[in-house]
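Taking it in order: structure first as C-alpha coordinates, then the write-up.
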Amino acid sequence: MKKSNSLLILILTIGVFGIMNTEMGIIGILPLIAQEFNVSVPTASLLVSAFALIVAIAGPTMPLVFSRVNRKTVMVLALGIFTISNIVSVFATNFTVLLLARVIPAAFHPIYVSMALTVAGTSVPANESAKAVSRVFIGVSSGMVLGVPVTSFIANEVSFAMSMVFFAVVNGLVLLATLIFVPSIPVTTRLSYGKQVSVLKKPQMLVSIVTVILLNGAVFGFYSYLSDFLSTVTQMSSRTISFTLLVYGLTNIVGNVIAGKVLTTSAKKTIFALPFALITTFALIFFFGSMSLAATVLIVVLGILAGIAANVNQYLITEFGSEAPDFSNGLFLTASNLGTTFGPFVCGMLITAFDTRFTLIGAITFLILCILSIVLRNSLGAKGISTITIKE
(Lines give C-alpha, C1' and ligand atoms only; values in the text may rest on other atoms or scores of the structure.)
Protein backbone atom coordinates (compact mmCIF):
# COMPACT_ATOMS: atom_id res chain seq x y z
CA MET A 1 0.00 0.00 0.00
CA LYS A 2 1.50 3.32 -1.07
CA LYS A 3 2.32 5.97 1.53
CA SER A 4 -0.24 8.41 0.08
CA ASN A 5 -2.97 5.77 0.21
CA SER A 6 -2.02 4.84 3.77
CA LEU A 7 -2.37 8.50 4.82
CA LEU A 8 -5.74 8.76 3.07
CA ILE A 9 -7.04 5.64 4.81
CA LEU A 10 -5.74 6.88 8.18
CA ILE A 11 -7.62 10.17 7.70
CA LEU A 12 -10.78 8.29 6.72
CA THR A 13 -10.43 6.02 9.75
CA ILE A 14 -10.09 8.93 12.17
CA GLY A 15 -12.91 10.72 10.38
CA VAL A 16 -15.25 7.77 10.85
CA PHE A 17 -14.10 7.56 14.47
CA GLY A 18 -15.02 11.22 15.00
CA ILE A 19 -18.47 10.80 13.50
CA MET A 20 -19.24 7.55 15.33
CA ASN A 21 -17.87 9.09 18.51
CA THR A 22 -20.25 12.05 18.12
CA GLU A 23 -23.17 9.65 17.68
CA MET A 24 -22.41 7.16 20.45
CA GLY A 25 -20.41 9.20 22.99
CA ILE A 26 -23.51 10.95 24.29
CA ILE A 27 -24.92 7.69 25.69
CA GLY A 28 -22.59 7.66 28.69
CA ILE A 29 -23.64 11.10 29.93
CA LEU A 30 -27.44 11.03 29.55
CA PRO A 31 -28.03 11.33 33.33
CA LEU A 32 -25.62 14.29 33.48
CA ILE A 33 -27.36 15.95 30.51
CA ALA A 34 -30.74 15.40 32.16
CA GLN A 35 -29.44 17.18 35.25
CA GLU A 36 -27.63 19.90 33.28
CA PHE A 37 -30.71 20.88 31.23
CA ASN A 38 -33.36 19.98 33.82
CA VAL A 39 -35.08 17.25 31.78
CA SER A 40 -35.86 13.58 32.48
CA VAL A 41 -33.45 10.83 31.44
CA PRO A 42 -35.95 9.48 28.83
CA THR A 43 -36.19 13.01 27.38
CA ALA A 44 -32.40 13.29 27.32
CA SER A 45 -32.31 9.98 25.41
CA LEU A 46 -33.84 11.84 22.44
CA LEU A 47 -30.26 12.94 21.76
CA VAL A 48 -29.59 9.29 20.91
CA SER A 49 -32.88 8.20 19.36
CA ALA A 50 -33.48 11.35 17.27
CA PHE A 51 -29.93 11.20 15.90
CA ALA A 52 -30.42 7.54 15.04
CA LEU A 53 -33.79 8.19 13.40
CA ILE A 54 -32.30 10.84 11.10
CA VAL A 55 -29.44 8.49 10.20
CA ALA A 56 -32.02 5.79 9.48
CA ILE A 57 -33.92 8.08 7.11
CA ALA A 58 -30.77 9.41 5.45
CA GLY A 59 -29.05 6.01 5.21
CA PRO A 60 -30.29 4.88 1.79
CA THR A 61 -31.17 8.33 0.43
CA MET A 62 -28.35 10.80 1.10
CA PRO A 63 -25.55 8.69 -0.45
CA LEU A 64 -27.69 8.44 -3.60
CA VAL A 65 -28.39 12.20 -3.64
CA PHE A 66 -24.67 13.02 -3.38
CA SER A 67 -23.48 10.14 -5.56
CA ARG A 68 -22.37 12.47 -8.40
CA VAL A 69 -20.57 14.99 -6.19
CA ASN A 70 -16.78 14.96 -5.78
CA ARG A 71 -16.03 12.71 -2.80
CA LYS A 72 -13.63 15.20 -1.18
CA THR A 73 -16.27 17.95 -1.41
CA VAL A 74 -18.83 15.75 0.31
CA MET A 75 -16.39 14.71 3.04
CA VAL A 76 -15.44 18.32 3.75
CA LEU A 77 -19.13 19.29 3.87
CA ALA A 78 -20.01 16.48 6.30
CA LEU A 79 -17.02 17.10 8.58
CA GLY A 80 -17.65 20.85 8.53
CA ILE A 81 -21.27 20.41 9.61
CA PHE A 82 -20.27 18.01 12.39
CA THR A 83 -17.61 20.41 13.66
CA ILE A 84 -19.92 23.43 13.67
CA SER A 85 -22.73 21.50 15.32
CA ASN A 86 -20.42 20.30 18.07
CA ILE A 87 -19.27 23.87 18.70
CA VAL A 88 -22.91 24.92 19.00
CA SER A 89 -23.43 22.10 21.52
CA VAL A 90 -20.63 23.52 23.69
CA PHE A 91 -22.55 26.78 24.11
CA ALA A 92 -26.10 25.35 24.12
CA THR A 93 -28.22 27.15 26.71
CA ASN A 94 -31.25 24.86 26.57
CA PHE A 95 -32.15 21.31 25.58
CA THR A 96 -33.90 22.31 22.35
CA VAL A 97 -30.75 23.96 20.98
CA LEU A 98 -28.70 20.91 21.99
CA LEU A 99 -31.18 18.58 20.27
CA LEU A 100 -31.11 20.60 17.04
CA ALA A 101 -27.30 20.59 17.11
CA ARG A 102 -27.49 16.79 17.21
CA VAL A 103 -30.20 16.27 14.60
CA ILE A 104 -28.76 18.42 11.79
CA PRO A 105 -25.38 16.64 11.38
CA ALA A 106 -27.06 13.23 11.66
CA ALA A 107 -28.26 13.54 8.06
CA PHE A 108 -24.64 13.68 6.89
CA HIS A 109 -23.51 10.70 8.97
CA PRO A 110 -24.34 8.01 6.36
CA ILE A 111 -22.78 10.07 3.55
CA TYR A 112 -19.37 10.18 5.21
CA VAL A 113 -19.36 6.61 6.50
CA SER A 114 -20.55 5.10 3.21
CA MET A 115 -18.15 7.16 1.13
CA ALA A 116 -15.23 6.50 3.48
CA LEU A 117 -15.72 2.76 2.94
CA THR A 118 -16.01 3.17 -0.81
CA VAL A 119 -13.04 5.54 -1.15
CA ALA A 120 -10.86 3.28 1.00
CA GLY A 121 -11.75 0.26 -1.13
CA THR A 122 -11.10 1.99 -4.44
CA SER A 123 -7.94 3.90 -3.46
CA VAL A 124 -5.81 0.75 -3.51
CA PRO A 125 -5.31 -2.18 -5.89
CA ALA A 126 -8.17 -4.68 -5.96
CA ASN A 127 -6.20 -7.28 -4.01
CA GLU A 128 -5.73 -4.81 -1.12
CA SER A 129 -9.31 -3.47 -1.10
CA ALA A 130 -10.63 -5.64 1.72
CA LYS A 131 -7.63 -4.77 3.89
CA ALA A 132 -8.16 -1.03 3.34
CA VAL A 133 -11.87 -1.23 4.12
CA SER A 134 -11.17 -3.23 7.29
CA ARG A 135 -8.90 -0.42 8.51
CA VAL A 136 -11.71 2.10 8.16
CA PHE A 137 -13.92 -0.22 10.17
CA ILE A 138 -11.44 0.27 13.01
CA GLY A 139 -12.76 3.84 13.15
CA VAL A 140 -16.33 2.56 13.41
CA SER A 141 -15.44 0.16 16.24
CA SER A 142 -13.25 2.70 18.05
CA GLY A 143 -15.96 5.35 17.88
CA MET A 144 -18.46 2.97 19.43
CA VAL A 145 -16.00 1.46 21.94
CA LEU A 146 -14.12 4.55 23.13
CA GLY A 147 -16.71 7.27 22.58
CA VAL A 148 -18.89 6.43 25.57
CA PRO A 149 -16.22 5.98 28.30
CA VAL A 150 -14.02 8.87 27.10
CA THR A 151 -16.96 11.28 26.90
CA SER A 152 -18.26 10.06 30.25
CA PHE A 153 -14.83 10.57 31.84
CA ILE A 154 -14.44 14.12 30.47
CA ALA A 155 -17.98 15.13 31.42
CA ASN A 156 -17.71 13.76 34.96
CA GLU A 157 -14.18 14.97 35.63
CA VAL A 158 -14.44 18.40 33.95
CA SER A 159 -17.82 19.39 32.48
CA PHE A 160 -20.46 18.56 29.89
CA ALA A 161 -19.25 21.45 27.71
CA MET A 162 -15.71 20.04 27.60
CA SER A 163 -17.01 16.68 26.39
CA MET A 164 -18.59 18.53 23.47
CA VAL A 165 -15.25 20.29 22.88
CA PHE A 166 -13.71 16.83 22.53
CA PHE A 167 -16.18 16.00 19.74
CA ALA A 168 -15.48 19.32 18.00
CA VAL A 169 -11.68 18.99 18.19
CA VAL A 170 -11.63 15.48 16.70
CA ASN A 171 -13.90 16.41 13.80
CA GLY A 172 -12.14 19.74 13.29
CA LEU A 173 -8.71 18.13 13.04
CA VAL A 174 -9.95 15.57 10.52
CA LEU A 175 -11.59 18.37 8.51
CA LEU A 176 -8.26 20.20 8.39
CA ALA A 177 -6.40 17.02 7.42
CA THR A 178 -8.95 16.33 4.67
CA LEU A 179 -8.56 19.82 3.22
CA ILE A 180 -4.76 19.57 3.20
CA PHE A 181 -3.98 15.96 2.39
CA VAL A 182 -6.97 14.38 0.60
CA PRO A 183 -6.83 14.89 -3.18
CA SER A 184 -9.83 15.68 -5.35
CA ILE A 185 -11.86 12.50 -5.87
CA PRO A 186 -14.33 12.99 -8.72
CA VAL A 187 -16.96 10.31 -9.28
CA THR A 188 -16.31 8.38 -12.49
CA THR A 189 -18.79 5.51 -12.43
CA ARG A 190 -21.75 4.49 -10.32
CA LEU A 191 -24.51 1.89 -10.19
CA SER A 192 -27.93 2.91 -11.47
CA TYR A 193 -30.58 3.77 -8.90
CA GLY A 194 -32.80 0.99 -10.22
CA LYS A 195 -30.21 -1.73 -9.78
CA GLN A 196 -29.46 -0.66 -6.23
CA VAL A 197 -33.07 -0.29 -5.13
CA SER A 198 -34.03 -3.64 -6.69
CA VAL A 199 -32.54 -5.51 -3.70
CA LEU A 200 -35.64 -4.40 -1.79
CA LYS A 201 -37.74 -6.66 -4.00
CA LYS A 202 -36.33 -9.67 -2.19
CA PRO A 203 -38.59 -10.83 0.69
CA GLN A 204 -35.49 -12.14 2.46
CA MET A 205 -34.02 -8.63 2.48
CA LEU A 206 -37.20 -7.11 3.92
CA VAL A 207 -37.36 -9.70 6.70
CA SER A 208 -33.64 -9.19 7.35
CA ILE A 209 -34.22 -5.46 7.81
CA VAL A 210 -36.94 -6.16 10.38
CA THR A 211 -34.67 -8.65 12.16
CA VAL A 212 -31.86 -6.09 12.43
CA ILE A 213 -34.26 -3.44 13.75
CA LEU A 214 -35.46 -5.81 16.48
CA LEU A 215 -31.99 -7.09 17.40
CA ASN A 216 -30.43 -3.63 17.56
CA GLY A 217 -33.52 -2.33 19.35
CA ALA A 218 -32.96 -4.91 22.08
CA VAL A 219 -29.26 -4.15 22.48
CA PHE A 220 -29.60 -0.36 22.49
CA GLY A 221 -32.91 -0.36 24.35
CA PHE A 222 -30.92 -1.35 27.42
CA TYR A 223 -27.48 0.04 26.52
CA SER A 224 -28.84 3.58 26.10
CA TYR A 225 -29.81 3.52 29.79
CA LEU A 226 -26.89 1.41 31.02
CA SER A 227 -25.20 4.32 32.81
CA ASP A 228 -28.51 5.21 34.51
CA PHE A 229 -29.04 1.53 35.44
CA LEU A 230 -25.57 1.27 36.99
CA SER A 231 -26.19 4.50 38.89
CA THR A 232 -29.71 3.89 40.21
CA VAL A 233 -29.94 0.09 40.45
CA THR A 234 -26.35 -1.07 40.97
CA GLN A 235 -25.50 2.22 42.73
CA MET A 236 -22.01 2.54 41.29
CA SER A 237 -20.02 5.77 41.53
CA SER A 238 -19.50 7.93 38.43
CA ARG A 239 -15.90 6.78 38.04
CA THR A 240 -16.86 3.12 38.40
CA ILE A 241 -19.59 3.59 35.80
CA SER A 242 -17.07 5.13 33.39
CA PHE A 243 -14.74 2.17 33.91
CA THR A 244 -17.60 -0.33 33.46
CA LEU A 245 -18.64 1.36 30.21
CA LEU A 246 -15.04 1.12 28.99
CA VAL A 247 -14.96 -2.60 29.85
CA TYR A 248 -18.25 -3.05 27.99
CA GLY A 249 -16.75 -1.33 24.94
CA LEU A 250 -13.57 -3.39 25.01
CA THR A 251 -15.54 -6.63 25.29
CA ASN A 252 -17.39 -5.52 22.15
CA ILE A 253 -14.08 -5.96 20.32
CA VAL A 254 -13.79 -9.48 21.74
CA GLY A 255 -17.29 -10.13 20.42
CA ASN A 256 -16.25 -8.87 17.00
CA VAL A 257 -13.35 -11.32 16.89
CA ILE A 258 -15.55 -14.21 17.99
CA ALA A 259 -18.24 -13.26 15.46
CA GLY A 260 -15.75 -13.33 12.60
CA LYS A 261 -15.03 -16.96 13.39
CA VAL A 262 -18.50 -18.29 14.23
CA LEU A 263 -20.22 -16.57 11.31
CA THR A 264 -17.68 -18.19 8.99
CA THR A 265 -18.16 -21.69 10.35
CA SER A 266 -21.78 -21.77 11.55
CA ALA A 267 -23.66 -18.60 10.63
CA LYS A 268 -27.19 -20.01 10.79
CA LYS A 269 -26.70 -21.49 14.26
CA THR A 270 -25.04 -18.30 15.54
CA ILE A 271 -27.87 -16.07 14.29
CA PHE A 272 -30.51 -18.32 15.87
CA ALA A 273 -28.69 -18.79 19.20
CA LEU A 274 -27.77 -15.13 19.75
CA PRO A 275 -31.23 -13.85 20.81
CA PHE A 276 -31.56 -16.67 23.33
CA ALA A 277 -28.15 -15.84 24.81
CA LEU A 278 -29.13 -12.18 25.06
CA ILE A 279 -32.48 -13.01 26.69
CA THR A 280 -30.70 -15.12 29.31
CA THR A 281 -28.19 -12.36 30.03
CA PHE A 282 -30.86 -9.65 30.27
CA ALA A 283 -32.94 -11.80 32.63
CA LEU A 284 -29.94 -12.38 34.90
CA ILE A 285 -29.18 -8.63 34.94
CA PHE A 286 -32.82 -7.96 35.85
CA PHE A 287 -32.64 -10.22 38.91
CA PHE A 288 -29.01 -9.73 39.97
CA GLY A 289 -28.16 -6.26 38.59
CA SER A 290 -28.25 -4.68 42.06
CA MET A 291 -25.15 -6.68 43.05
CA SER A 292 -21.99 -4.91 41.86
CA LEU A 293 -19.90 -8.01 41.17
CA ALA A 294 -22.71 -9.87 39.43
CA ALA A 295 -23.62 -6.79 37.39
CA THR A 296 -20.00 -6.31 36.27
CA VAL A 297 -19.63 -9.94 35.17
CA LEU A 298 -22.94 -9.84 33.30
CA ILE A 299 -22.04 -6.55 31.60
CA VAL A 300 -18.85 -8.22 30.33
CA VAL A 301 -20.92 -11.08 28.90
CA LEU A 302 -23.39 -8.59 27.43
CA GLY A 303 -20.53 -6.64 25.82
CA ILE A 304 -19.28 -9.76 24.06
CA LEU A 305 -22.78 -10.65 22.87
CA ALA A 306 -23.37 -7.07 21.67
CA GLY A 307 -20.13 -7.24 19.66
CA ILE A 308 -21.35 -10.44 18.04
CA ALA A 309 -24.75 -8.84 17.42
CA ALA A 310 -23.17 -5.92 15.52
CA ASN A 311 -21.52 -8.37 13.13
CA VAL A 312 -24.68 -10.44 12.83
CA ASN A 313 -26.59 -7.30 11.84
CA GLN A 314 -24.15 -6.68 9.00
CA TYR A 315 -24.35 -10.31 7.91
CA LEU A 316 -28.15 -10.27 7.88
CA ILE A 317 -28.32 -7.31 5.47
CA THR A 318 -25.32 -7.96 3.23
CA GLU A 319 -26.26 -11.58 2.64
CA PHE A 320 -28.97 -10.47 0.24
CA GLY A 321 -27.49 -7.20 -1.10
CA SER A 322 -24.06 -8.12 -2.41
CA GLU A 323 -24.86 -6.88 -5.94
CA ALA A 324 -25.51 -3.33 -4.64
CA PRO A 325 -22.94 -2.79 -1.86
CA ASP A 326 -23.33 0.99 -1.47
CA PHE A 327 -27.10 0.80 -1.16
CA SER A 328 -26.75 -2.20 1.18
CA ASN A 329 -24.45 -0.12 3.38
CA GLY A 330 -27.19 2.47 3.55
CA LEU A 331 -29.85 -0.13 4.36
CA PHE A 332 -27.62 -1.54 7.09
CA LEU A 333 -27.25 1.94 8.63
CA THR A 334 -30.98 2.51 8.31
CA ALA A 335 -32.04 -0.75 9.92
CA SER A 336 -29.46 -0.47 12.72
CA ASN A 337 -30.44 3.09 13.54
CA LEU A 338 -34.16 2.37 13.43
CA GLY A 339 -33.42 -0.18 16.12
CA THR A 340 -31.39 2.42 18.01
CA THR A 341 -34.40 4.75 17.73
CA PHE A 342 -37.23 2.42 18.70
CA GLY A 343 -35.35 0.50 21.39
CA PRO A 344 -34.58 3.49 23.67
CA PHE A 345 -38.04 4.97 22.97
CA VAL A 346 -39.92 1.86 24.09
CA CYS A 347 -37.59 1.19 27.00
CA GLY A 348 -37.77 4.86 28.02
CA MET A 349 -41.56 4.52 28.28
CA LEU A 350 -41.03 1.57 30.62
CA ILE A 351 -38.75 3.70 32.81
CA THR A 352 -41.48 6.33 33.04
CA ALA A 353 -44.14 3.72 33.88
CA PHE A 354 -42.01 1.60 36.22
CA ASP A 355 -38.25 2.07 36.75
CA THR A 356 -34.90 1.65 34.99
CA ARG A 357 -34.80 -2.13 35.56
CA PHE A 358 -37.76 -2.55 33.21
CA THR A 359 -35.67 -1.48 30.23
CA LEU A 360 -34.57 -5.13 30.38
CA ILE A 361 -38.16 -6.30 29.94
CA GLY A 362 -38.42 -4.11 26.86
CA ALA A 363 -35.18 -5.53 25.48
CA ILE A 364 -36.37 -9.11 26.06
CA THR A 365 -39.64 -8.34 24.25
CA PHE A 366 -37.67 -7.10 21.23
CA LEU A 367 -35.67 -10.33 21.26
CA ILE A 368 -38.73 -12.57 21.36
CA LEU A 369 -40.02 -10.80 18.25
CA CYS A 370 -36.52 -11.09 16.76
CA ILE A 371 -36.60 -14.88 17.18
CA LEU A 372 -39.90 -15.04 15.28
CA SER A 373 -38.37 -12.89 12.53
CA ILE A 374 -35.32 -15.15 12.28
CA VAL A 375 -37.57 -18.22 11.97
CA LEU A 376 -39.43 -16.52 9.10
CA ARG A 377 -36.14 -15.52 7.46
CA ASN A 378 -34.86 -19.08 7.64
CA SER A 379 -38.08 -20.40 6.12
CA LEU A 380 -37.56 -18.10 3.11
CA GLY A 381 -34.09 -19.56 2.51
CA ALA A 382 -30.60 -18.01 2.52
CA LYS A 383 -27.85 -17.71 -0.04
CA GLY A 384 -25.07 -18.02 2.51
CA ILE A 385 -23.14 -14.92 1.41
CA SER A 386 -21.55 -13.39 4.48
CA THR A 387 -19.66 -10.40 3.15
CA ILE A 388 -19.74 -7.74 0.46
CA THR A 389 -17.00 -5.94 -1.40
CA ILE A 390 -17.15 -2.17 -1.57
CA LYS A 391 -16.94 -1.08 -5.18
CA GLU A 392 -17.62 1.94 -7.31
Side-chain angles (χ1 to χ4, degrees), residues 52-69 74 106-107 109-118 121-122 129-130 133 137 187-218 263-264 267-272 274-275 309-343 366-367 369-392:
L53 179 60
I54 297 300
V55 173
I57 294 170
T61 56
M62 291 292 275
L64 291 179
V65 170
F66 284 85
S67 62
R68 295 183 180 180
V69 181
V74 176
H109 172 291
I111 300 176
Y112 190 92
V113 174
S114 295
M115 288 191 178
L117 293 172
T118 301
T122 57
S129 178
V133 171
F137 267 112
V187 177
T188 55
T189 59
R190 64 184 178 87
L191 291 172
S192 67
Y193 295 156
K195 184 175 182 179
Q196 295 186 68
V197 176
S198 65
V199 300
L200 290 173
K201 295 180 180 179
K202 302 176 183 179
Q204 299 98 324
M205 175 63 85
L206 297 178
V207 175
S208 296
I209 290 172
V210 172
T211 305
V212 171
I213 292 172
L214 293 170
L215 183 56
N216 223 43
L263 286 175
T264 301
K268 190 173 182 179
K269 290 180 180 179
T270 300
I271 292 169
F272 189 74
L274 179 62
N311 286 263
V312 166
N313 283 336
Q314 184 187 31
Y315 182 101
L316 289 168
I317 297 294
T318 59
E319 185 174 15
F320 298 108
S322 57
E323 68 271 33
D326 290 327
F327 188 63
S328 294
N329 279 336
L331 291 176
F332 167 66
L333 288 170
T334 293
S336 296
N337 282 277
L338 281 175
T340 307
T341 299
F342 294 132
F366 271 95
L367 289 168
L369 295 174
C370 181
I371 291 170
L372 297 176
S373 181
I374 290 172
V375 171
L376 175 58
R377 184 179 186 273
N378 288 343
S379 70
L380 293 172
K383 288 162 52 178
I385 301 172
S386 61
T387 58
I388 61 173
T389 302
I390 306 300
K391 297 179 181 179
E392 280 290 329

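This is a predicted model, so every value here is computed, not measured.
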So which heavy atom on [X] is nearest to which on [Y], and how close?
{"X": "M205", "Y": "I317", "result": "CE-O, 3.4 Å"}
{"X": "L316", "Y": "T211", "result": "CD1-CG2, 3.8 Å"}
{"X": "L53", "Y": "T341", "result": "N-OG1, 2.9 Å"}
{"X": "L338", "Y": "I213", "result": "CD1-CD1, 3.7 Å"}
{"X": "I371", "Y": "P275", "result": "CG1-CB, 3.5 Å"}
{"X": "A56", "Y": "T334", "result": "O-OG1, 2.7 Å"}

Working to the nearest 0.5 angstrom, can you tell me the gap between [X] [atom1] and [Y] [atom2]?
{"X": "I374", "Y": "I271", "atom1": "CD1", "atom2": "CD1", "result": "7.0 Å"}
{"X": "S208", "Y": "F332", "atom1": "OG", "atom2": "CZ", "result": "12.5 Å"}
{"X": "Y112", "Y": "M62", "atom1": "OH", "atom2": "CE", "result": "15.5 Å"}
{"X": "S373", "Y": "F366", "atom1": "OG", "atom2": "CZ", "result": "12.5 Å"}
{"X": "L380", "Y": "K202", "atom1": "CG", "atom2": "NZ", "result": "13.0 Å"}

Measure the shortest side-chain to side-chain distance between [X] and [Y] over non-hydrogen atoms and say whether it is less than 4.5 angstrom.
{"X": "V197", "Y": "L200", "result": "yes"}
{"X": "L215", "Y": "L274", "result": "yes"}
{"X": "N216", "Y": "N337", "result": "no"}

Fill in: S336 and N313: side chain donor to acceptor below 3.5 Å
no

Worksheet entry | Any donor-acceptor pair under 3.5 Å from R377 side chain to V210 backbone | no

Worksheet item: Donor-acceptor pair, T340 side chain versus A52 backbone, under 3.5 Å?
Response: no

